[in-house]
Amino acid sequence: KYAFALSHKPDILVLDEPTANLDVDGIKMVKDIMAEHRNNGILIVATNDLSDVDQYDSRVDLNAN
């Protein structure tokens with residue numbers, strides 16, 4: 001799914017739970033892809049994994065707390 005999403009070099013990359021169900025190597029690969037895209041375009045990520053939140057420039061919290 002990542003290869004297909006990146007094949008046309010999008011300006012905006014939207015990912016939903018990008019590291020879910022991946023092993024350690026897969027998570028590293030996806031985080032590397034995400035970091036590269038942040039430098040070259042716009043990256044939008046929907047995640048419940050709070051350990052990923054620190055690496056983003058902006059955050060929108062949709063919790064109803």
Side-chain angles (χ1 to χ4, degrees):
K1 65 185 175 183
Y2 291 105
F4 182 75
L6 297 169
S7 65
H8 66 286
K9 299 182 181 177
D11 292 329
I12 301 172
L13 183 61
V14 180
L15 301 174
D16 181 21
E17 299 290 345
T19 59
N21 301 315
L22 297 177
D23 63 7
V24 174
D25 292 334
I27 291 170
K28 183 184 179 330
M29 182 183 304
V30 169
K31 287 188 176 189
D32 289 346
I33 290 169
M34 291 167 56
E36 182 178 336
H37 199 80
R38 280 184 58 213
N39 293 330
N40 299 316
I42 297 170
L43 175 66
I44 299 171
V45 178
T47 185
N48 290 311
D49 187 351
L50 296 180
S51 67
D52 289 340
V53 172
D54 293 338
Q55 67 183 347
Y56 306 120
D57 297 325
S58 300
R59 175 180 170 187
V60 176
D61 189 347
L62 300 177
N63 289 324
N65 297 348

Taking C-beta and beyond as the side chain, do [X] and [Y] meet within less than 4.5 Å on heavy atoms?
X	Y	result
Met29	Ile33	yes
Leu22	Val30	yes
Asp16	Val14	no

Where do [X] and [Y] come nearest, in terms of heavy atoms and distance?
X	Y	result
Met34	Leu15	CG-CD1, 3.7 Å
His37	Pro10	CE1-O, 3.0 Å
Ala46	Pro18	O-CD, 4.0 Å
Ala5	Leu13	CB-CD1, 4.2 Å

Over 12 non-hydrogen atoms of neighbours within 6.0 angstrom of [atom1] in [X]:
X	atom1	answer
Asn21	CG	no
Asp11	CG	no
Glu36	CD	no

Q) Can you tell me how far the CD atom of Glu17 sits from the OG1 atom of Thr47, to the nearest 0.5 Å? A)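 Output value for this atom pair is 4.5 Å.
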